[in-house]
Amino acid sequence: MTTITVEEAQANLSQLLDRLAPGEELVVTRDARPIARLVGLPAEKSRPVFGRGRGHLVILSEDDDHLKDFEEYMP
């Protein structure tokens, strides 16, 4: 946790926000007392894109040879 004064925060706010990592805390003080806390937000989670893997996998529905090893588990 980093601590800076109000004056430092006012002079360098844009740079401080750019350097603030997700989850990192920055405490702003006035007269050696904490008055505010800045916390970096977590990065946005990526969303799956449906259809991205289209054409990468081929399923042969008529191929039963690969199921022979699993006959004891099948009803």
Side-chain angles (χ1 to χ4, degrees):
M1 178 167 46
T2 307
T3 304
I4 63 168
T5 65
V6 172
E7 293 79 17
E8 291 172 331
Q10 286 177 336
N12 303 314
L13 184 60
S14 178
Q15 295 152 351
L16 291 170
L17 294 175
D18 289 340
R19 291 191 330 228
L20 198 61
E24 183 182 1
E25 291 186 8
L26 178 67
V27 176
V28 180
T29 61
R30 178 185 291 147
D31 298 327
R33 291 182 313 187
I35 59 168
R37 181 176 61 197
L38 298 173
V39 180
L41 293 176
E44 239 182 76
K45 293 183 180 179
S46 62
R47 293 181 150 188
V49 178
F50 296 103
R52 181 179 283 171
R54 183 174 288 147
H56 291 249
L57 180 66
V58 177
I59 298 175
L60 301 176
S61 61
E62 299 171 5
D63 181 21
D64 290 334
D65 291 337
H66 67 280
L67 297 175
K68 288 181 182 176
D69 296 334
F70 297 98
E71 285 180 350
E72 64 189 61
Y73 301 107
M74 295 172 63

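Fair warning: this is a prediction, and the values are worked out from it, not measured in the lab. These values consider heavy atoms only, across backbone and side chains, with no hydrogens, waters or symmetry-generated copies.
Under the 4.5 Å side-chain heavy-atom criterion for ILVMFWY residues, a single connected hydrophobic cluster contains both Leu17 and Ile4. Under a hydrophobic clustering in which Ile, Leu, Val, Met, Phe, Trp and Tyr are joined whenever their side-chain heavy atoms come within less than 4.5 Å, directly or via other members, Leu13 and Leu26 fall into the same cluster.
Residues Arg19 and Glu24 approach most closely at O-OE1, 3.8 Å, considering heavy atoms. Between Pro34 and Val27, the closest heavy-atom pair is CB-CG1, 3.7 Å.
Summarising the geometry, atom CE belonging to Met74 is positioned 11.5 Å from atom CG belonging to Asp69; distances are rounded to the nearest 0.5 Å. Rounded to the nearest 0.5 Å, atoms CD (Gln10) and CG (Leu16) are 11.5 Å apart. Distance check, rounded to the nearest 0.5 Å: CG of Leu41 to CG of Leu20 gives 8.5 Å. Distance check, rounded to the nearest 0.5 Å: CD of Glu8 to OG1 of Thr3 gives 10.0 Å.
Between Thr29 and Ile35 the shortest side-chain heavy-atom distance does not fall below 4.5 Å.
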